[in-house]
Amino acid sequence: MSKSALFGMALGLSTLSFLGVPALAQAPQSAQNSASRAATIPESSAVAVEFPASVTLDLSQGAAQPMTLFLSQPLLDSNGNVVAPENTPVSVQIKPVPGGAQIVAESVVIRGRVVPIQASSPVIPANVTGRRAANVEARQAGSAASGAVGSVFGYYSGPGIAARAANASVSDSERVQMVEIARGSAHILTLRAPVTVPATPTQTP
């Protein structure tokens, strides 16, 4: 092979090295910088959650029930980037409201941090039932979970249900409002205020 051909080959390799290597090296660094920047989840974003267990809430008690749910769809920032993937835990309160109950989200885990949020669901309608019937359902759930049945007010929780039992001596004519949410059911909460997601700290080599 002539000297001119060898020189041309060497020049070509040098040009590829000069142009290609920096571009390839910069791509991962650019992606890392994007992931480490702060992000904003806009107001009115959908927060889709799923119930890992069934819930029965007696609205006459007037107490909110705390629970951890999980995202059924990724949570996106204003640029369409995923900031919280599917199955991310979300802390909520199931609160009695007129006509039913509402799911109110209080925080979500993003990038290893607990980030406060304000999101709520539409009202979940209540079913009107007799207190004695509600008590029977609650006792059956408690019996299935622990083999024990109580005759006084108290909570019973098992793998698929959390319910408040009522006193069995109360008259059948007394009516109560119950909200039942099935295991695996999905609900859409609406973000009431924008959320700023903190940047991920960069690691120095």
Side-chain angles (χ1 to χ4, degrees), residues 41 43-75 84 86-109 114-193 195:
I41 306 172
E43 184 179 354
S44 299
S45 294
V47 182
V49 293
E50 184 174 330
F51 277 74
S54 300
V55 173
T56 300
L57 183 67
D58 182 354
L59 300 183
S60 66
Q61 303 300 324
Q65 182 171 322
M67 194 171 186
T68 298
L69 306 181
F70 297 90
L71 291 179
S72 59
Q73 296 179 7
L75 196 56
E86 186 178 346
N87 295 323
T88 295
V90 182
S91 295
V92 307
Q93 295 270 354
I94 305 174
K95 297 184 175 182
V97 296
Q102 194 171 33
I103 306 168
V104 179
E106 298 182 329
S107 65
V108 59
V109 177
V114 177
V115 179
I117 63 174
Q118 301 175 31
S120 57
S121 72
V123 174
I124 303 170
N127 295 319
V128 179
T129 183
R131 184 173 294 275
R132 184 182 295 275
N135 179 50
V136 170
E137 292 178 3
R139 285 187 303 173
Q140 288 175 345
S143 178
S146 62
V149 175
S151 60
V152 296
F153 289 90
Y155 276 107
Y156 295 92
S157 60
I161 192 168
R164 184 182 293 272
N167 194 314
S169 63
V170 178
S171 171
D172 284 343
S173 61
E174 185 176 354
R175 312 297 288 178
V176 294
Q177 289 186 319
M178 307 289 292
V179 169
E180 298 179 354
I181 304 175
R183 176 183 179 183
S185 61
H187 294 261
I188 304 296
L189 283 60
T190 302
L191 201 63
R192 302 302 180 188
V195 176

**Message:** Among residues at least two apart in sequence or on other chains, which ones pass side chain to side chain contact (heavy atoms under 4.5 Å, CB included) with P89?
**Reply:**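 Partners of P89 under the side chain to side chain contact (heavy atoms under 4.5 Å, CB included) test: T68, F70, V109.
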**Any S72 side-chain heavy atom under 4.5 Å of V49 side chain** =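 No - every pair of side-chain heavy atoms lies 4.5 Å or more apart.
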So which atom in [X] and which in [Y] form the shortest heavy-atom distance, rounded to 0.1 Å?
{"X": "A63", "Y": "L57", "answer": "O-CD1, 3.9 Å"}
{"X": "G62", "Y": "P96", "answer": "C-CG, 4.0 Å"}
{"X": "L69", "Y": "P52", "answer": "CD2-CD, 3.9 Å"}
{"X": "S44", "Y": "T190", "answer": "CA-CG2, 3.8 Å"}
{"X": "V195", "Y": "P116", "answer": "CG1-O, 4.1 Å"}
{"X": "P125", "Y": "V179", "answer": "O-CG2, 4.1 Å"}

**Request:** From the options V47, I117, L75, select the one residue that forms a side chain to side chain contact (heavy atoms under 4.5 Å, CB included) with I41.
**Result:**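 The option that passes is L75.
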Once rounded to the nearest 0.5 Å, what's the spacing between atom [atom1] of [X] and atom [atom2] of [Y]?
{"X": "Q177", "Y": "N127", "atom1": "CD", "atom2": "CG", "value": "9.5 Å"}
{"X": "E86", "Y": "L71", "atom1": "CD", "atom2": "CG", "value": "8.5 Å"}
{"X": "E106", "Y": "Q118", "atom1": "CD", "atom2": "CD", "value": "10.5 Å"}
{"X": "I181", "Y": "H187", "atom1": "CD1", "atom2": "NE2", "value": "5.0 Å"}
{"X": "I188", "Y": "S121", "atom1": "CD1", "atom2": "OG", "value": "10.0 Å"}
{"X": "K95", "Y": "Q65", "atom1": "NZ", "atom2": "CD", "value": "13.5 Å"}

**Request:** Could you please spell out the steps behind the side-chain contact (heavy atoms from CB on, under 4.5 Å) verdict for D58 and M178?
**Result:** CA-CA 5 Å; D58 182 354; M178 307 289 292; 3.8 Å; yes
**Request:** Taking side chain to side chain donor-acceptor pair (under 3.5 Å) as the test, write out the residues that go with S120, two or more places apart.
**Result:**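 Scan of S120 (side chain to side chain donor-acceptor pair (under 3.5 Å), adjacent residues dropped) gives R192.
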**Item:** Flag, side chain of E180 to backbone of T56, donor-acceptor distance under 3.5 Å
**Value:**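 Absent.
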